Novice: 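This is the structure I have questions about; it appears just below.
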Amino acid sequence: MQGITMVQAVNTGIDESVSKRINVTLPDSVVEELEQWADNQGRSLANLAAFLLESSLKEAKAKGEIPTQEFPVQLKKPRSDK
């Protein structure tokens, strides 16, 4: 596994004001196939990877595999000084 590629995350609807970069390590064969797919669609590799991640995230949410709401923040109980 020597193929390393940088992927720029795109807006997923979670927080549309911020885009993040992530590093992903993939086998060379996977990178080659993704490059062919991206070229065939006229996309950059990063754009295709971001699209695939977004699509997978939406699909997982639709199946209920990922919670769609954030967990409520638990507030600390005030200390009672005795």
Side-chain angles (χ1 to χ4, degrees):
M1 278 202 243
Q2 293 179 356
I4 298 176
T5 185
M6 174 101 49
V7 178
Q8 181 175 5
V10 296
N11 294 331
T12 61
I14 296 171
D15 183 355
E16 294 190 8
S17 65
V18 179
S19 291
K20 304 273 185 190
R21 286 189 175 265
I22 62 171
N23 291 320
V24 179
T25 303
L26 300 168
D28 289 340
S29 61
V30 172
V31 173
E32 290 169 8
E33 289 185 286
L34 287 172
E35 286 173 335
Q36 289 175 0
W37 190 0
D39 286 344
N40 189 45
Q41 292 191 352
R43 298 176 181 253
S44 67
L45 179 59
N47 180 267
L48 176 63
F51 170 76
L52 294 172
L53 289 169
E54 266 189 273
S55 297
S56 295
L57 182 62
K58 288 176 185 176
E59 184 178 324
K61 282 183 178 181
K63 291 180 179 178
E65 296 172 354
I66 298 174
T68 56
Q69 299 177 13
E70 290 191 27
F71 298 110
V73 177
Q74 292 184 0
L75 300 174
K76 291 183 179 180
K77 293 182 182 179
R79 289 181 59 183
S80 58
D81 293 328
K82 291 185 182 180

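By convention here, the first residue in the shown sequence is residue 1. Every value quoted in this text rests on a predicted model; they were computed, and no experiment measured them.
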Novice: What residues form a side chain to side chain contact (heavy atoms under 4.5 Å, CB included) with Ser56, not counting sequence neighbours?
Specialist: none
Novice: Can you run down the side chain to side chain donor-acceptor pair (under 3.5 Å) pairs that involve residues 35-45, sequence neighbours left out, and say none if there aren't any?
Specialist: Gln41-Arg43, Arg43-Asn47
Novice: Sequence neighbours excluded, which residues qualify as side chain to side chain donor-acceptor pair (under 3.5 Å) partners of Glu59?
Specialist: Lys63
Novice: For Leu48 versus Leu34, what's the shortest heavy-atom pair and its separation?
Specialist: CD2-O, 3.5 Å
